[in-house]
Protein chains: 2
Amino acid sequence: MAGTSTKPGTPGDQAAPGTIVGPQRELLDQILDKWGQLLLTSLCQQPRRFNELKREIDGITQKSLTQALRRLERNGLVERQVLEQRPIAVEYRITPLGRTLDKPFLTLLAWTADHLAEVEQHRDAYDADNR
Amino acid sequence: MAGTSTKPGTPGDQAAPGTIVGPQRELLDQILDKWGQLLLTSLCQQPRRFNELKREIDGITQKSLTQALRRLERNGLVERQVLEQRPIAVEYRITPLGRTLDKPFLTLLAWTADHLAEVEQHRDAYDADNR
DNA sequence: CAGCATCCAACTGGATACTG
DNA sequence: CAGTATCCAGTTGGATGCTG
């Protein structure tokens, strides 16, 4: 909604270049959340069954797991395969598209690894001032 | 908290390698959210005043803006400078640490740019099936 | 101008019970 | 096993009014 009228004479009113907005922002929200990231990383290793994931992720409820898996499946990052067995068995697998997230994830992981200590120092300093 | 005891013999029970958990996950949550990302990108261009940001970001409320700025400041990504003027003026600037987020952000932006169309096709297919 | 404080509606996510 | 459905407490975030 913002910046649709690119009115000249009002510089600095539009979004900055490199800003992630709109559909791209929404997409990131669907992928970068806690459970989505954990599930994708887990499934990158090997296919898993529903309850395997539930046990592995630790802390996730069945409701959240279902929702997260559906969202990933809808975006084409994860595939759902119903195995013909009794009782019923379902397998979730990463898709080639899902695998392309590996690089962005590793970049983020590297950033946190590189700067977490520094961030924590800033936090301590900030909290000390506002004590 | 999970996976602290890397017990052999229970394969698949720990978090997958590359998984972002704990303090690192929490840090990403503080930075990658909608307002945080928009603010950091904006401030990467030039310093801004409080109401400048409020006007530019478009959609953010004063409360959310204050909260987001405080959070970024606490993590050492943004600096708050009170200018000696009347009426009071406050300037927010990106820190060197904040600038190091440029590369991760660009990686994410590149990923969404590269794959958004494909994701949207998957969504359409998924929604068509479940109609 | 740059906030803080408060109220409240909407959404999120956990716990629980039930089904093919 | 792999879910769906429901209830409900806690959190989020917008709107509003006030201050130095």
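The figures here come from the full heavy-atom set of this structure, side chains too, leaving out hydrogens, waters and symmetry mates. Throughout, protein chains are lettered first and strands after them, A, B, ... in sequence-line order, and every chain is numbered starting at 1.
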How close or far is atom [atom2] of [N] from atom [atom1] of [X], stated in whole angstroms?
X      : N      : atom1 : atom2 : value
A/E73  : D/dA2  : CD    : C1'   : 13 Å
B/Q85  : C/dA2  : CD    : C1'   : 12 Å
A/D33  : D/dT12 : CG    : P     : 15 Å
A/D58  : C/dG14 : CG    : P     : 12 Å
A/N130 : C/dC4  : CG    : P     : 10 Å
A/K54  : D/dA2  : NZ    : P     : 12 Å
A/E91  : D/dC1  : CD    : P     : 15 Å
B/D29  : C/dG13 : CG    : P     : 11 Å

For [N], does OP1 or OP2 lie under 4.0 Å from any side-chain N or O of [X]?
X     : N     : value
B/R80 : C/dA2 : no
B/R70 : C/dC4 : yes
B/Y92 : C/dG3 : yes

Going by atom types alone, do A/Q62 and A/T66 pair a side-chain donor with an acceptor below 3.5 Å?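 No, no side-chain donor-acceptor contact under 3.5 Å.
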Is it true that [X] and [Y] make a salt bridge, defined as a side-chain N closer than 4.0 Å to a carboxylate O?
X      : Y      : answer
A/R48  : A/E91  : no
B/R80  : B/E73  : no
B/D127 : B/R123 : no

Starting at CD of A/Q37, measure out to CG of A/L101 and round the result to the nearest 0.5 Å.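 Taking CD in A/Q37 and CG in A/L101, the distance rounds to 9.5 Å.
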Value rounded to 0.5 Å, distance of CZ in A/R74 from CD in A/Q30: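 Here the interatomic distance stands at 6.5 Å.
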Nearest-nucleotide comparison on DNA chain D, the residue closer to the 5′ end among A/V90 and B/Q67: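 Final value for this comparison: A/V90.
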B/R49 near the nucleic acid: base, sugar-phosphate alone, or nothing, with a heavy-atom cut-off under 4.0 Å?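 Touches sugar-phosphate only.
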So what is the end-to-end bend of the helix from C/dC1-D/dG20 to C/dG20-D/dC1, with 5 pairs used at each end and the value given to 10 degrees?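 What I find for the helix from C/dC1-D/dG20 to C/dG20-D/dC1 is an axis angle of 40°.
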Heavy atoms under 4.0 Å is the rule here; annotate nucleotides 14-20 of chain D 5' to 3' with B where the base is hit, S where only the sugar-phosphate is, and - elsewhere. BB----B
What pairs of residues pass the side chain to side chain donor-acceptor pair (under 3.5 Å) test when at least one of them lies in residues 94-107 of chain A, not counting sequence neighbours?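 Found A/T100-B/W111.
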Taking a hydrophobic cluster as the set of Ile, Leu, Val, Met, Phe, Trp and Tyr residues connected by side-chain heavy atoms closer than 4.5 Å, whether directly or through intermediates, do B/L83 and B/V78 fall within one such cluster?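 Hydrophobic grouping puts B/L83 apart from B/V78.
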Quick check: is B/Y126 connected to A/L69 through a chain of hydrophobic side chains (ILVMFWY, heavy atoms under 4.5 Å apart)?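 Hydrophobic grouping puts A/L69 apart from B/Y126.
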